[in-house]
Amino acid sequence: LPDMPQIMARSEEIHVMIDAVNALPWERVTTRSHDGLTLCGRYYHQRDGAPLNICFHGYRGTSARDFSGGTQIMRRQGHNLLMVDERAHGVSEGHTITFGVEERYDCLDWIRYVVERFGPETRIVLVGISMGAATVLMASALSLPEQVVGIVADCPYTSPQAIIRKVAGDMGIPPRAAGILAGVSARIFGHFRLVAVDAAKAAGHTTVPILLIHGEDDRFVPCAMSREIHAANPEKISLFTFPGAGHGLSYLADAARYEALIRDFSRRILPEEINASPEWAGVVKQFYSVLQGRHDLRVMPFPVSSVHPGG
């Protein structure tokens with residue numbers, strides 16, 4: 001976990017949730033990116049014909065950490081999950097993190113993989129945290145296939161340049177100089193343009209419903225960035241903020257409200273929403289009973305949803 005006070009204060013609970021995700025059975029899957037990289041992910045099967053959520057983690061994150069509780073929420077909904085390792089993360093190939101510029105096309109590649117493997121009737125929801133959230137929003141302006149019925153974005157930034165300048169300012173580095181240097185470095189060493197895409201502008205052109213969530217005490221990606229994204233397309237984007245919540249920690253601020261928002265959004269975009277099986281509900285209840293008996297922790301009534309390791 002990152003050395004961020006708001007996250008470290010809940011580190012024991014977070015690690016319990018990570019262990020729970022890693023204990024679930026999953027299948028290693030791969031696809032080829034538009035520029036020839038092998039991209040990898042974990043596929044968690046719930047049931048045939050269920051909606052499928054494709055999940056994109058944050059900067060230098062992992063899906064097991066970033067979706068350590070979101071996994072449980074989506075499984076309780078009865079959804080199948082594909083949690084990807086973004087390029088230059090985990091076991092996916094690549095050496096350059098492009099802040100969503102190239103990752104948005106990787107998003108399309110994963111969508112194509114899902115449609116080809118599971119069929120054109122598969123309903124897909126894109127889910128992202130921080131950089132992953134910005135990535136799915138950037139992808140929303142591309143020609144998404146009809147199978148994509150909704151997007152959930154938790155604490156996204158508006159653009160690569162905007163977040164680089166903000167973080168640089170936090171470190172005492174002149175934001176404008178940092179933005180220029182980052183832009184030049186991206187062109188020379190990464191062969192991409194940081195200004196090639198903007199999540200707020202992309203969301204302004206989307207036709208896909210978007211659920212936007214952000215903590216009001218986010219000290220890494222300001223909540224104002226989500227407000228800017230929402231303002232770009234209020235007809236398609238629903239924004240909900242959480243008082244007192246840090247970066248990627250909105251669920252911990254109000255677990256019941258967070259899960260209710262996810263379920264309400266799912267019912268709106270998936271009228272035939274599949275309910276989780278009674279058997280799975282029993283497994284969850286039993287799991288938490290074991291945790292309460294073995295750990296000196298205050299275990300949440302629902303797992304941590306959007307714990308993010310830093311970007």
- Message: Once side-chain contact (heavy atoms from CB on, under 4.5 Å) is applied, do any residues pair with D254, and if so which ones, sequence neighbours excluded?
- Response: F242, A256, R257
- Message: Less than 4.5 Å apart, side chain to side chain, heavy atoms only: is that true for R76 and R263?
- Response: yes
- Message: Please enumerate all residues that pass ring-ring contact (aromatic ring centres under 6.0 Å, His included) together with H34, with sequence neighbours excluded.
- Response: Y105
Side chains of residues 160-169: which donor-acceptor pairs under 3.5 Å do they make with residues two or more places apart or in other chains?
from : atom 1 : to   : atom 2 : distance (Å)
Q161 : OE1    : R165 : NE     : 3.3
Q161 : NE2    : G179 : O      : 3.1
K166 : NZ     : D170 : OD2    : 2.4
K166 : NZ     : R219 : O      : 2.6
K166 : NZ     : F220 : O      : 3.1

- Message: So, using side-chain hydrogen bond (donor to acceptor under 3.5 Å, both in side chains) as the criterion, who are the partners of S92 when residues are at least two apart?
- Response: none
- Task: Measure the shortest side-chain to side-chain distance between D85 and L39 over non-hydrogen atoms and say whether it is less than 4.5 angstrom.
- Result: no
- Message: When you compare the side chain of D218 with that of M225, does any pair of heavy atoms fall below 4.5 Å?
- Response: no
- Item | Any side-chain donor near an acceptor of the partner, H230 and N233, under 3.5 Å | no
- Do S266 and H79 have side chains that get closer than 4.5 Å, going by heavy atoms? yes
- Item | Contacts of R267 that satisfy salt bridge (Lys or Arg N to Asp or Glu O under 4.0 Å) - sequence neighbours left out | D264
- Message: Looking at R176, I'd like to know if its CZ atom is crowded, meaning that more than 12 non-hydrogen atoms belonging to other residues, nucleotides or ligands lie closer than 6.0 Å.
- Response: no
- Ionic contact status for R32 with E116, cut-off 4.0 Å: no
- Any I262 side-chain heavy atom under 4.5 Å of L211 side chain: yes
- Message: Restricting to non-hydrogen atoms, name the atom on C55 and the atom on M74 that form the minimum distance, rounded to 0.1 Å.
- Response: SG-CE, 3.6 Å
- Query: Going only through I, L, V, M, F, W and Y residues with side-chain contacts under 4.5 Å, is there a path from L126 to V208?
  - Reply: yes
- Query: Given Y43 and Y113, is the ring-ring contact (aromatic ring centres under 6.0 Å, His included) satisfied, shown in steps?
  - Reply: CA-CA 12 Å; Y43 174 65; Y113 167 85; 8.3 Å; no
- Task: Could you tell me whether the side chain of Y157 and the main chain of F99 form a donor-acceptor pair under 3.5 Å?
- Result: yes
- Regarding T241 and E216, is there a side-chain donor-to-acceptor distance under 3.5 Å anywhere? yes
- Query: Is there a donor-acceptor contact under 3.5 Å linking the side chains of Y44 and N53?
  - Reply: no
- Steps toward side-chain contact (heavy atoms from CB on, under 4.5 Å) verdict (H191, T96): CA-CA 9 Å; H191 308 292; T96 305; over 6 Å; no
- Query: side-chain hydrogen bond (donor to acceptor under 3.5 Å, both in side chains) with T206: which residues, sequence neighbours excluded?
  - Reply: none
- Note on the structure: For H89 and R87 the tightest heavy-atom approach is ND1-O, 2.9 Å
